[in-house]
There are 2 protein chains.
Amino acid sequence: MENSHAENVAPNVYAAVCPSREVLALIGEKWVSLVIGALDQRVLRFGELKRICEGVSQKMLTQTLRKLERDGLVCRQAYSDELVMRVEYRLSELGQTLVPVVAAMKLWAEANLKAIEQSRLEYGGGA
Amino acid sequence: MENSHAENVAPNVYAAVCPSREVLALIGEKWVSLVIGALDQRVLRFGELKRICEGVSQKMLTQTLRKLERDGLVCRQAYSDELVMRVEYRLSELGQTLVPVVAAMKLWAEANLKAIEQSRLEYGGGA
DNA sequence: CTGAATCCCGGCGGATACTG
DNA sequence: CAGTATCCGCCGGGATTCAG
């Protein structure tokens, strides 16, 4: 009852103004899928995450994690009272629901890499 | 037998140099998932595709379609002998295997939009 | 170790004009 | 209708430096 207004329409990524597009863009961001996949079933420290996601810069990893934290996909836990700084990251419940999606993306990418490379060769060479 | 070399390792998106990362990036590109989803189960003309993917510029749609064609995900069919120019696009077999993946991305984005927006409010307001 | 702050460049991507 | 070509702003994202 409380929302019989215009904003109560079903989200649709094909609509130009729908904010769900932003969420779709989030999934596709360069390091998001890797971070989500890395945190599947385990808690990782910043440094571990950085080593796992080969090539990620400190800046981008921090930036990605902040965004994921803000969006409620990952939880950040800092231990300041230790000898050395220690921060752990884990998936939230919401974040876990994204795991199958990014896993599918990863699987598809790895499985069809050869076919795509082959197609590129034929596309360039066949012309 | 012909490939017992170093290149015969399993693709892994977490490896810095693995080309599967490029494929993963492809899936995440701004208009790719929308185009793939739009072409699911049907053949569409350029203009139709452009109207469906609201907000896409002519340049980006062309660019996206060219890339997808080159990678063997979509097939392009031009009919030059018509009164007016007419070009149709459809998914290739390879492209069809990507449909479930992008569908999952779309579903997740639309389904969890509210939760994410809520999380953002709490993140900003709770501080 | 974790992270904030800057500098800076390549290129994504939109707007516009032109072609077949 | 379906592109190609050009100009250009914006920002993603890397390298580096500084701080707690």
Side-chain angles (χ1 to χ4, degrees), chain A residues 13-17 21-35 38-39 43-71 74-90 123 127, chain B residues 13-14 16-17 21-35 38-39 43-71 74-90 123-124 127:
Chain A
V13 292
Y14 284 97
V17 297
R21 274 208 185 163
E22 189 187 341
V23 179
L24 192 62
L26 171 70
I27 303 177
E29 274 175 35
K30 189 167 185 180
W31 300 106
V32 167
S33 61
L34 290 183
V35 167
L39 288 175
V43 176
L44 291 176
R45 298 182 53 173
F46 184 88
E48 296 173 319
L49 216 35
K50 187 169 187 307
R51 260 180 289 109
I52 291 173
C53 301
E54 295 182 17
V56 68
S57 67
Q58 171 273 317
K59 171 187 167 183
M60 288 315 298
L61 182 55
T62 298
Q63 192 169 299
T64 299
L65 287 169
R66 284 292 168 283
K67 189 175 299 187
L68 291 178
E69 185 191 2
R70 191 186 66 133
D71 290 352
V74 307
C75 304
R76 179 180 185 274
Q77 175 79 320
Y79 301 89
S80 309
D81 53 343
E82 310 261 334
L83 307 93
V84 294
M85 170 77 80
R86 175 154 154 259
V87 180
E88 291 183 344
Y89 293 93
R90 62 179 177 80
Y123 188 82
Chain B
V13 291
Y14 285 97
V17 297
R21 273 206 184 164
E22 190 186 341
V23 179
L24 192 62
L26 171 71
I27 303 177
E29 274 176 35
K30 190 166 186 181
W31 300 106
V32 166
S33 60
L34 290 182
V35 167
L39 288 175
V43 176
L44 290 177
R45 300 181 53 173
F46 183 88
E48 296 173 320
L49 216 36
K50 185 168 188 307
R51 261 180 288 109
I52 292 174
C53 301
E54 295 182 18
V56 68
S57 67
Q58 169 277 320
K59 170 188 165 181
M60 288 315 298
L61 182 54
T62 298
Q63 193 169 299
T64 299
L65 286 168
R66 284 292 169 282
K67 188 175 298 188
L68 291 177
E69 185 191 2
R70 191 188 64 135
D71 291 353
V74 307
C75 304
R76 178 180 185 274
Q77 175 79 321
Y79 301 90
S80 310
D81 52 345
E82 310 261 335
L83 306 91
V84 295
M85 169 78 80
R86 176 155 153 260
V87 181
E88 291 183 345
Y89 292 93
R90 62 177 178 81
Y123 189 82

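Naming convention: chains lettered A, B, ... in sequence-line order (proteins, then strands); numbering from 1 in each chain. Only a predicted model underlies this, so the values are computations on that prediction, with no experimental measurement involved.
- Atom C1' of nucleotide C:dA5 and atom CZ of A:R66 are separated by 14 Å, given to the nearest angstrom.
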Acceptor/donor pairs from residues 75-84 of chain B side chains to any protein atom, 3.5 angstrom cut, sequence neighbours excluded:
from: B:R76; atom 1: NE; to: B:Y89; atom 2: OH; distance (Å): 3.3
from: B:Y79; atom 1: OH; to: B:E88; atom 2: OE1; distance (Å): 3.4
from: B:E82; atom 1: OE2; to: B:R86; atom 2: NH1; distance (Å): 3.1

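- Looking at B:Y14, its side chain does come within 3.5 Å of a backbone N or O of A:L34 through a donor-acceptor pair.
- A:R66 contributes atom CZ, which lies 10.5 Å from atom CD of A:Q63 (distance to the nearest 0.5 angstrom).
- Here the rule is side-chain contact (heavy atoms from CB on, under 4.5 Å) with B:T64, and of B:V35, B:L49, B:L26, B:V74 only B:V35 fits it.
- Protein atom CG of A:L44 is 11 Å distant from nucleotide atom P of C:dT2, rounded to whole Å.
- Distance A:F46 CZ to C:dC1 C1': 9 Å, rounded to the nearest Å.
- Residues B:L44 and B:A38 come closest through the heavy atom pair CD1-O, 3.5 Å.
- Rounding to whole angstrom units, OH of residue A:Y89 and P of C:dC1 are separated by 14 Å.
- The backbone N or O of B:V13 lies less than 3.5 Å from a partner atom in the side chain of B:R21, making a donor-acceptor pair.
- Atom CG in A:L83 sits roughly 15 Å away from atom C1' in C:dT2 (whole-Å rounding).
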B/S/- contact track for nucleotides 13-20 of chain D, protein heavy atom under 4.0 Å: BBB----B

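- Between C:dT2 and A:R76, no contact under 4.0 Å exists linking OP1 or OP2 to a side-chain N or O.
- What separates CD of B:E69 from P of D:dA2 is a distance of 15 Å, to the nearest Å.
- At a threshold of 4.5 Å between non-hydrogen side-chain atoms, the residues A:L39 and A:R90 do not count as touching.
- Whole-Å rounding puts the B:R51 CZ to D:dA2 C1' distance at 13 Å.
- A:Y79 comes within contact range of no nucleotide atom at all, as no heavy-atom separation falls under 4.0 Å.
- The phosphate of D:dA2 (OP1 or OP2) has a side-chain N or O of B:R45 nearer than 4.0 angstrom.
- Listed nucleotides C:dC1, D:dG3, C:dG3 differ in distance to A:V84; the shortest reach to its side chain belongs to C:dC1.
- In this entry the distance linking CD of A:E48 with C1' of C:dC1 reads 12 Å, nearest Å.
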